[in-house]
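The structure under discussion appears below in the form of structure tokens.
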Amino acid sequence: MSLENIIEVRNLSVFYGRFQALININLNIKKNRITALIGPSGCGKSTFLRALNRMNDLIEGARSEGQVLLEGKNIFDPDTDLLELRRRVGMVFQRPNPFPLSIADNITYGLRVHGERNQNVLEEKLYKSLQAVNLWEELKDRLQENALRLTGEQQQRLCIARLLAVEPEVVLMDEPCSALDPLATARIEDLMHELKKNYTIVIVTHNMQQAARVSDYTGYFLLGELVEFGETNQIFTSPKDPRTEDYITGRFG
Ligand code: ADP
């Protein structure tokens with residue numbers, strides 16, 4: 001069975017001023033799969049992730065060349081609606097960043113931004129989103145409490161639920177477990193497995209074991225280049241490029 005590409009990246013280069021952070025990247029993201037991006041610090045993983053929903057546009061001096069096709073349409077086209085793009089391709093960050101609002105308002109915020117006013121719809125989405133990240137039972141009696149009072153893991157789950165509320169297709173995760181302890185990390189990894197039934201996930205991680213555990217595909221970045229991309233099993237057991245082998249066997253990085 002050949003899997004559908006939800007995103008196709010073609011000849012993508014990203015510059016910060018005169019510095020080239022990504023060099024001619026070509027790679028396809030498969031729908032309903034988890035793709036992990038690994039590589040040493042500063043090699044361009046986050047820059048690549050941010051390119052996928054044009055978050056680099058928010059960085060002064062950043063400029064992109066090439067194409068990112070989301071279901072066949074180039075997101076760099078001038079007619080792209082950025083609010084809609086970032087709804088379809090949402091991002092979860094290293095440090096959970098709930099709004100200083102109630103748990104309920106955190107979830108419904110994005111829906112309101114997108115114009116939803118129907119109370120029944122908002123409540124249904126609140127329930128479904130918290131349920132999807134296994135927080136409903138835990139928090140259903142605390143919905144009006146400030147989200148900043150939650151634990152780090154609960155906050156990260158809430159941030160994922162906040163994205164799911166607006167029904168994204170792709171969820172980008174930039175080291176989503178780096179502020180969590182190993183048990184919380186394991187539970188978030190379990191959650192990722194559940195989510196891939198309905199979503200496509202792209203995760204940046206500096207933790208190679210995590211990439212090996214959670215992902216279906218892995219890309220190895222080095223100094224702005226995509227050195228190797230393939231099925232995770234292949235990358236970790238029989239890498240084709242000696243630079244990938246050096247990295248995964250711990251000789252480098
Ligand atoms: P990684 O996620 O792999 O650690 P990044 O994508 O954050 O790598 O960074 C890639 C390169 O781009 C690094 O050399 C970094 O210093 C540079 N860079 C990242 N963000 C900016 C920025 N806002 N302005 C200038 N250079 C940046």
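Along the sequence shown, residues are numbered consecutively beginning with 1. Ligands are counted one by one from 1 in listed order, and the atoms in each one are counted from 1 as well.
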- [ ] Run the salt-bridge test on Asp79 and Lys73 with the 4.0 Å N-O cut-off and return the result as yes or no.
- [x] yes

TODO: Report the nearest protein non-hydrogen atom to atom 7 (O) of ligand 1: residue, atom name, distance rounded to 0.1 Å.
DONE: Ser46 CB, 3.9 Å

Task: Under 4.0 Å to a heavy atom of Lys45 - the qualifying atoms of ligand 1, by number - done: 1 (P), 2 (O), 3 (O), 4 (O), 6 (O), 8 (O)

Open item on the list: Out of all atoms in ligand 1, which are within 4.0 Å of some heavy atom of Cys43? Include the element for each.
Closed with: 1 (P), 3 (O), 8 (O)

Task: Under 4.5 Å side-chain linkage, directly or through intermediates, the cluster mates of Phe99 - done: Leu83, Leu101, Tyr109, Val113

Open item on the list: For atom 6 (O) of ligand 1, what's the nearest protein heavy-atom neighbour? Residue, atom name and distance, please.
Closed with: Thr47 OG1, 2.5 Å

Task: Residue from Gln210, Arg95, His206, Lys45 passing side chain to side chain donor-acceptor pair (under 3.5 Å) with Glu175 - done: His206

Open item on the list: Within the 4.0 Å heavy-atom shell around Ala21, which atoms of ligand 1 are there?
Closed with: 12 (O)

Task: Any N or O of Gly44 closer than 3.5 Å to N or O of ligand 1 - done: yes

Task: Candidate with minimal heavy-atom separation from atom 24 (N) of ligand 1, of Phe19, Phe48, Tyr16, Phe221 - done: Tyr16

- [ ] Taking only Lys NZ, Arg NE, NH1 and NH2, and the carboxylate oxygens of Asp or Glu, determine whether Glu167 and Lys125 approach each other closer than 4.0 Å.
- [x] yes

Task: 4.0 Å protein heavy-atom contact status of atom 15 (C) of ligand 1, strictly under - done: no

Show me, pair by pair, the donor-acceptor contacts under 3.5 angstrom made by side chains of residues 130-137, not counting sequence neighbours?
| from | atom 1 | to | atom 2 | distance (Å) |
| --- | --- | --- | --- | --- |
| Gln131 | NE2 | Tyr127 | OH | 3.2 |
| Glu137 | OE1 | Lys140 | NZ | 2.9 |

- [ ] Kindly compute the distance separating CG (Asn56) from CG (Leu22), expressed to the nearest 0.5 Å.
- [x] 8.0 Å

Open item on the list: Between Glu71 and Arg88, does any side-chain N to carboxylate O distance fall below 4.0 Å?
Closed with: yes

Task: N or O contact, Gly42 vs ligand 1, cut-off under 3.5 Å - done: yes

- [ ] Please indicate whether any nitrogen or oxygen in Ile59 is less than 3.5 Å from any nitrogen or oxygen in ligand 1.
- [x] no

